[in-house]
There are 2 protein chains.
Amino acid sequence: MRILQSKSIANQVDEILLERIRGGVYLPGSRIPSESELSDELGVSRATVRTALAKLAANGFILRKQGDGTYVNEHIHETSAHFGNLWDLAELIAGNGYQPSIRFLSMERRPATEKEALVLALEEGEELICLRRLFYADQQAVILADNVIPFSLLCEPIEKIDGKLHIRDIFEQYFHQKISFVLTDIRSTVLEADAHEFLSGESGRAILQLQTIFYEKNNLPLALGVNIFDDSFLHLSLAQAWN
Amino acid sequence: MRILQSKSIANQVDEILLERIRGGVYLPGSRIPSESELSDELGVSRATVRTALAKLAANGFILRKQGDGTYVNEHIHETSAHFGNLWDLAELIAGNGYQPSIRFLSMERRPATEKEALVLALEEGEELICLRRLFYADQQAVILADNVIPFSLLCEPIEKIDGKLHIRDIFEQYFHQKISFVLTDIRSTVLEADAHEFLSGESGRAILQLQTIFYEKNNLPLALGVNIFDDSFLHLSLAQAWN
DNA sequence: TTTGCTTTTATGTCAGACAACTTGCATGAA
DNA sequence: TTCATGCAAGTTGTCTGACATAAAAGCAAA
């Protein structure tokens with residue numbers, strides 16, 4: 001059993017602060033405690049707090065003003081996704097104000113297609129695990145999510161896989177891998193037959209497709225995900241800081 | 001003439017490093033100089049270099065490995081946009097491997113619609129400047145860009161506005177405002193008549209619409225932009241670091 | 001060749017100090 | 001009272017130096 005390195009202190013601070021912003025402890029538009037106060041409260045150095053705040057600022061969660069303070073972005077509630085979690089579908093749904101849930105549809109083993117082999121740096125025909133899941137917003141099916149992962153990466157018996165887990169946790173628990181970064185392609189397409197079976201809306205309407213490649217820290221591709229959803233129901237909005 | 005505060009040192013370092021990555025000085029997958037070397041070379045402290053690197057890492061440009069070094073993301077060339085510049089259409093075109101250019105189509109003054117007034121925090125009927133521009137990839141028209149800005153913010157004679165400038169520079173030069181952050185809504189829609197006049201492709205095909213709201217540092221909305229383009233020609237791909 | 005240890009080098013974290021900037025208050029003049 | 005000026009306090013930005021932690025590189029022994 002491989003040991004996964006624990007998160008860095010700065011990333012833990014980042015998560016704590018993000019949780020407070022999302023949870024309403026720090027309200028939109030309000031000023032959050034100063035760097036010194038946070039470093040005292042959390043028992044870490046000011047440098048570490050600054051590292052965490054820099055990341056939050058880069059992702060548009062907070063605005064920093066020299067000589068004044070750090071403020072929570074007023075428009076947080078208007079954005080459904082953020083740069084750290086464009087591929088986090090549950091958060092995308094939550095960001096739209098719905099209660100997310102996941103329904104496991106199917107899991108199968110099959111050889112990789114030419115395109116999949118190319119993207120995942122495999123030989124054509126190598127075996128893949130195909131995971132098909134459906135994301136719900138409250139009771140409404142909204143996102144059809146397909147993930148393909150090389151079978152050779154699997155560390156645990158395939159029967160143990162819990163199809164309702166977060167993709168990040170699936171990798172940690174069954175593949176002993178950490179996702180280091182992702183590459184997402186956003187496309188406009190139309191609702192076709194196979195997806196129409198699961199998602200509501202008239203066939204032929206314009207929908208969004210998020211095609212995501214997951215990588216681990218050494219640039220090795222871990223998985224390919226294709227997620228489609230109706231953007232008239234679920235909005236994809238992003239905040240970004242400039243400067 | 002208002003003085004625009006010069007950029008912070010960390011942001012200048014950030015720009016220098018980003019330019020080197022884009023310009024191929026630091027090649028994809030390669031290790032860039034250490035923090036100490038950079039701080040020596042650029043004449044700033046290691047803390048400042050770290051601030052710049054933290055931002056680049058948050059935006060997926062680089063990967064940092066403790067005990068090893070800092071590496072340029074190998075897949076930089078596969079991404080057309082980045083979190084710092086989703087609304088930067090010229091860079092989006094350049095990221096797709098084309099030479100971007102801007103054609104100024106029209107500029108007019110008219111009262112704000114109800115929806116525009118709401119988004120821009122204006123009274124309904126207040127005057128707007130409407131800027132319509134067409135972005136080219138090499139010789140091909142690819143993005144139709146509409147921007148509306150409250151007329152009351154204008155500091156210079158309207159005749160002086162150069163419609164070919166970057167939106168950022170338009171704000172700096174004619175409105176004496178700095179864009180602090182932006183909020184972008186990504187939607188899937190179909191190519192309709194008025195846009196079809198400028199963009200190629202059959203009418204009714206699925207295209208992407210980027211709707212962007214620009215804010216200054218005090219959360220005052222500066223402008224509303226609506227950009228539509230055919231994502232079969234121009235890809236919208238984003239990199240994001242996790243952890 | 002392989003394995004295990006040591007050395008080197010890089011990023012991560014810490015502490016303290018000062019600079020640059022903003023805000024609000026107090027003071028004083030009109 | 002009203003307004004302008006200047007001061008003080010607080011916050012983020014930058015600097016310096018040090019040590020902790022982790023990974024790669026080199027070396028030596030099996």
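Taking 4.5 Å as the limit, every side-chain heavy atom of A/Q177 sits out of range of all side-chain heavy atoms of A/R168. Taking the side chain as every heavy atom from C-beta outward, B/D68 and B/R31 approach each other to under 4.5 Å.
To the nearest angstrom, P of C/dT11 lies 9 Å from OH of B/Y71. As a whole-Å value, the separation of A/L53 CG from D/dT11 P is 13 Å. Here the C1' atom of nucleotide C/dT11 and the CD1 atom of B/I32 are 12 Å apart, to the nearest Å. C/dA19 atom C1' lies 10 Å from atom CD1 of B/I9, rounded to whole Å. Atom-to-atom, CG of A/L38 to P of D/dG10 comes out at 17 Å; the value is rounded to the nearest Å. Atom CG in B/N11 sits roughly 17 Å away from atom P in C/dA20 (whole-Å rounding). To the nearest angstrom, C1' of D/dG13 lies 13 Å from CD of B/Q12.
Formation of a donor-acceptor pair under 3.5 Å by the B/E126 side chain with backbone atoms of B/E123 is found in this model. A donor-acceptor pair is defined here as one N or O able to donate and one able to accept, closer than 3.5 Å; no such pair exists between the side chain of B/R50 and the backbone of B/E35. The backbone N or O of A/I170 lies less than 3.5 Å from no partner atom in the side chain of A/Q173, so there is not a single donor-acceptor pair. At least one donor-acceptor pair under 3.5 Å links the side chain of A/E37 to the backbone N or O of A/S34. Between the side chain of A/Y26 and the backbone N or O of A/L17, no donor-acceptor pair lies under 3.5 Å.
Direction change of the helix axis from one end of the helix from C/dT1-D/dA30 to C/dA30-D/dT1 to the other is 10°, with five pairs defining each end axis (rounded to 10°).
Using a 4.0 Å cutoff on non-hydrogen atoms, the parts of residues 40-48 of chain A near DNA chain D are A/R46, ordered by number.
For D/dT12, the OP1/OP2 oxygens have no side-chain nitrogen or oxygen of A/R50 closer than 4.0 Å.
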List, with names and distances, any nitrogen or oxygen atoms from the protein found under 3.5 Å away from nitrogen or oxygen atoms belonging to nucleotides 3-10 of chain C.
none

Expected rows: protein N/O vs nucleotides 6-8 of chain D N/O, under 3.5 Å:
none

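Taking the ring centre of A/Y71 as origin, the terminal cationic atom of A/K65 falls inside the region bounded by 6.0 Å and 45° from the ring axis. B/F151 carries B/R109 over the face of its six-membered ring, with the cationic atom under 6.0 Å from the centre and within 45° of the normal.
For B/Y215, the ring pair (Phe, Tyr, Trp, His ring centres under 6.0 Å) partners at least two apart in sequence or on another chain are A/H75, B/F181. For the ring pair (Phe, Tyr, Trp, His ring centres under 6.0 Å) test, residues two or more places apart in sequence or in another chain that qualify with A/Y98 are A/F233.
For the residue pair B/T48 and B/S45, a side-chain donor N or O sits within less than 3.5 Å of a side-chain acceptor on the partner.
If you take OG1 on B/T212 and CG on B/N147, they are separated by 8.5 Å, rounding to the nearest 0.5 Å.
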